[in-house]
Amino acid sequence: MERPSFERVLSIFSELNRIPRPSHHEERVADYLCQFAQRLHLDFERDAENCVVIRKPATSGYEMSEPVVLLNHMDMVCVGMADPLNDPVEAYVDDGWMKARGTSLGADNGIGLSMALAVLESDSIEHPALEVITTTNEEDGMSGAAQLSKDFLRGRKVINLDSEDYDTITTGAAGACLQFHHIPIHRMVAPKADCGWYSIRLEGGLGGHSGVDINKGRCSAVVAAETVLACLQKKYDFSVASILIGEANASIASKGEMVIALPKDHASFSILDSLQEINEWLHHEYPQDAGMTCSIGACEPQEVVITPNDVQVLMACLRQIPQGVVRMSDTMKDTVETSNNIGRVVTEGDHIFVSTHTRSFIDEEMAKLSHEIAATFASCGATSETVMSAPAWQEDQQSSFLKLTSDTFLDVLGWRPRMVAMHFVLEAGFFVQHYPGIQIASIGPRIVEPHSASERVELKTIDDIWQVLLELLKRLK
């Protein structure tokens with residue numbers, strides 16, 4: 001029987017990218033999944049978190065086989081979108097890669113979800129009974145997976161299609177703790193006379209995934225912004241009206257803007273010297289992120305500014321909180337064990353909002369660092385809340401399920417994949433907690449620069465993983 005082409009995978013992905021699906025706003029894509037199941041006359045469930053499971057009976061000859069779960073998430077990190085709740089993704093193909101025009105692509109995890117739906121739709125793919133589960137809010141808290149009911153799934157063999165390393169079976173993932181911090185601020189009337197208003201912009205950074213890209217020496221706009229403020233503070237008496245840094249809690253910040261007021265005798269050409277100094281520092285400190293630049297331009301006057309003391313509190317917190325790699329693993333070569341990323345810093349009403357994303361393969365270390373970060377904010381009068389705490393996950397690399405998956409790669413593609421634990425968080429930790437005895441293999445095509453406007457997926461690897469998936473389902477008899 002001829003295997004179905006992966007072209008249908010791409011057409012389903014195109015359908016998904018017409019549906020805005022930022023984290024916390026997945027209602028429309030959940031509707032799409034339920035309608036997809038109804039069109040195929042398949043059984044489905046939708047829970048209070050909008051997670052959807054679609055069940056398909058086994059094909060002939062597979063009725064006695066153990067059920068198989070295909071796992072994906074339906075949300076995406078929306079970088080570069082002016083209106084994430086309404087803007088579709090405009091994808092195009094360039095030299096064998098699919099990209100998006102000015103925004104993130106949503107290949108994480110839209111490609112894996114499209115594969116699962118294509119399997120459901122096909123009448124020619126051999127497989128055991130299937131449960132295709134799609135979770136919500138994976139990218140910003142994992143609340144969907146965390147709150148799954150214990151009877152939502154029956155299968156105990158899971159193929160997770162949310163991996164970005166084509167040559168790898170992901171067999172473990174770091175735990176993660178996402179915290180939101182609120183620094184109280186006070187505002188005062190902005191200076192009126194002899195004052196110039198300026199917008200300081202940081203832009204052009206590579207950004208990227210705050211887990212897999214955290215050790216690549218990229219410039220975080222958060223770190224750059226604190227450096228800019230510290231540099232200006234040495235020379236000028238200035239006021240800060242607003243701060244908007246970072247695009248997503250799970251991303252390395254690639255841009256930001258601060259609106260400040262400067263006495264006119266400090267403005268004009270003298271500040272340009274500071275900007276030159278800042279840009280020289282950026283290019284020296286982050287040579288691999290040469291696109292990150294600092295610029296200044298005149299802007300409209302503001303009515304109020306933040307008190308100088310509150311700006312000092314913010315700067316003190318940003319200096320004390322670890323940013324980037326905290327510790328490399330002693331047992332996993334070239335693998336980050338523990339890290340922290342400050343995703344966003346934004347002035348909001350009576351407070352400054354700061355998000356931190358702490359990751360570690362050791363749950364105790366993650367908890368310790370998260371506690372220390374919250375204590376740093378508390379010492380400055382700020383409050384902190386834990387939005388998500390996901391456990392680390394490690395699969396037995398000697399299991400028969402992983403061996404079968406590896407053998408399938410070898411037989412279909414001619415090479416055996418690596419088995420690697422990755423420094424990003426997957427929902428697998430919650431599934432292991434909810435469903436005892438579960439086994440998970442995570443695979444996927446080559447996705448580069450996820451969580452950024454440079455996100456792209458290599459088309460050939462989509463086809464390759466598609467063929468591996470079909471053969472693996474056939475062998476799970």
Side-chain angles (χ1 to χ4, degrees), residues 1-13 15-16 33 36-45 52-72 109-134 152-163 166 168-171 395 399-417 431 435 437-445 459-477:
M1 184 180 297
E2 184 178 353
R3 285 179 167 167
S5 166
F6 87 114
E7 292 298 329
R8 180 53 181 152
V9 174
L10 298 184
S11 65
I12 293 175
F13 182 59
E15 293 174 14
L16 285 173
L33 294 174
F36 194 97
Q38 288 173 327
R39 177 172 62 83
L40 298 175
H41 306 289
L42 296 176
D43 178 46
F44 68 93
E45 281 185 65
V52 176
V53 62
I54 304 173
R55 300 185 178 94
K56 183 179 182 181
T59 55
S60 178
Y62 286 75
E63 294 87 352
M64 301 303 294
S65 303
E66 184 179 347
V68 175
V69 178
L70 300 183
L71 167 63
N72 296 280
N109 177 222
I111 290 293
L113 176 54
S114 298
M115 288 185 185
L117 295 179
V119 170
L120 287 177
E121 190 178 62
S122 173
D123 292 327
S124 61
I125 298 172
E126 298 175 274
H127 58 75
L130 291 177
E131 294 176 294
V132 171
I133 180 169
T134 314
F152 207 61
L153 285 182
R154 302 161 191 159
R156 290 298 183 266
K157 282 190 170 64
V158 178
I159 304 172
N160 180 25
L161 296 168
D162 186 22
S163 182
Y166 161 69
T168 299
I169 301 172
T170 302
T171 60
E395 197 71 26
S399 74
S400 59
F401 181 45
L402 288 184
K403 183 179 185 304
L404 177 64
T405 305
S406 179
D407 289 345
T408 304
F409 269 83
L410 179 62
D411 295 340
V412 173
L413 302 180
W415 46 267
R416 194 176 290 281
F431 279 78
Y435 308 108
I438 207 165
Q439 300 178 70
I440 303 172
S442 184
I443 61 175
L459 293 178
K460 179 185 180 301
T461 66
I462 299 175
D463 190 20
D464 286 350
I465 295 299
W466 173 244
Q467 300 302 328
V468 168
L469 173 62
L470 300 190
E471 180 63 21
L472 183 55
L473 290 173
K474 181 179 179 180
R475 294 184 179 192
L476 286 167
K477 192 170 186 179

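- Going from atom NE2 of H41 over to atom CG of D43 covers 13.5 Å, rounded to the nearest 0.5 Å.
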Check against side chain to side chain contact (heavy atoms under 4.5 Å, CB included), I465 and I111: CA-CA 10 Å; I465 295 299; I111 290 293; over 6 Å; no

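- R8 has its side chain within reach of I12: a pair of non-hydrogen atoms, C-beta onward, lies under 4.5 Å apart.
- Once rounded to the nearest 0.5 Å, the distance linking CG of L476 with NE2 of H127 reads 12.0 Å.
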Check residues 408-415 and write down every donor-acceptor pair under 3.5 Å in which the side-chain atom is one partner and the other belongs to a residue at least two apart or another chain.
{"unit_1": "T408", "atom_1": "OG1", "unit_2": "L404", "atom_2": "O", "d": "2.7"}
{"unit_1": "D411", "atom_1": "OD2", "unit_2": "R475", "atom_2": "NH1", "d": "2.9"}
{"unit_1": "D411", "atom_1": "OD2", "unit_2": "R475", "atom_2": "NH2", "d": "2.9"}

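- You'll find the side chain of T170 stays beyond 4.5 Å of the side chain of N160, heavy atoms only.
- Formation of a donor-acceptor pair under 3.5 Å by the E63 side chain with backbone atoms of G61 is found in this model.
- In this structure, the side chains of M115 and I462 come closer than 4.5 Å at one or more pairs of heavy atoms.
- Although no hydrogens or angles enter the test, the distance criterion places a donor-acceptor pair under 3.5 Å between the side chain of E131 and the main chain of R154.
- In this structure, the separation between CG on L459 and CG on D464 is 11.0 Å, given to the nearest 0.5 Å.
- For K403, the side-chain contact (heavy atoms from CB on, under 4.5 Å) partners are D407, not counting sequence neighbours.
- S65 pairs by the side-chain contact (heavy atoms from CB on, under 4.5 Å) definition with Y62, P128, K477, not counting sequence neighbours.
- Annotation: the span from I159 atom CD1 to I440 atom CD1 amounts to 11.5 Å, rounded to 0.5 Å.
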Verify side chain to side chain contact (heavy atoms under 4.5 Å, CB included) between K460 and Y166, making sure each step is shown before the conclusion. CA-CA 10 Å; K460 179 185 180 301; Y166 161 69; 4.1 Å; yes

Which is it for V68 and L472 under the side chain to side chain contact (heavy atoms under 4.5 Å, CB included) test, yes or no, and what are the steps along the way? CA-CA 10 Å; V68 175; L472 183 55; over 6 Å; no

Stepwise, does the side chain to side chain contact (heavy atoms under 4.5 Å, CB included) test hold for F6 with Q467? CA-CA 8 Å; F6 87 114; Q467 300 302 328; 5.5 Å; no

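- From S442, atom OG reaches atom CG of L402 across 10.5 Å, with rounding to the nearest 0.5 Å.
- Here the side chains of V53 and R55 are in contact, with some heavy-atom distance below 4.5 Å.
- Applying the side chain to side chain donor-acceptor pair (under 3.5 Å) criterion to T59, with sequence neighbours excluded, gives no partner residue.
- Here the closest heavy-atom approach between residue A118 and residue I125 is recorded as O-CD1, 4.4 Å.
- In this structure, the side chain of S114 engages the main chain of G110 through a donor-acceptor pair within 3.5 Å.
- In terms of the ring pair (Phe, Tyr, Trp, His ring centres under 6.0 Å) criterion, residue partners of F431 (sequence neighbours excluded) are, by chain and number, Y435.
- When the side chain to side chain donor-acceptor pair (under 3.5 Å) test is applied to E66, the partners found at least two apart in sequence or on another chain are K157.
- Counting heavy atoms from C-beta on, the side chains of L71 and L161 never come closer than 4.5 Å.
- Atom OG1 in T405 sits 4.5 Å away from atom CZ in F401 (nearest 0.5 Å).
- K56 contributes a side-chain N or O that, together with a main-chain N or O of L120, makes up a donor-acceptor pair within less than 3.5 Å.
- Counting heavy atoms from C-beta on, the side chains of V119 and V132 never come closer than 4.5 Å.
- V69 places none of its side-chain heavy atoms less than 4.5 Å from the side chain of I438.
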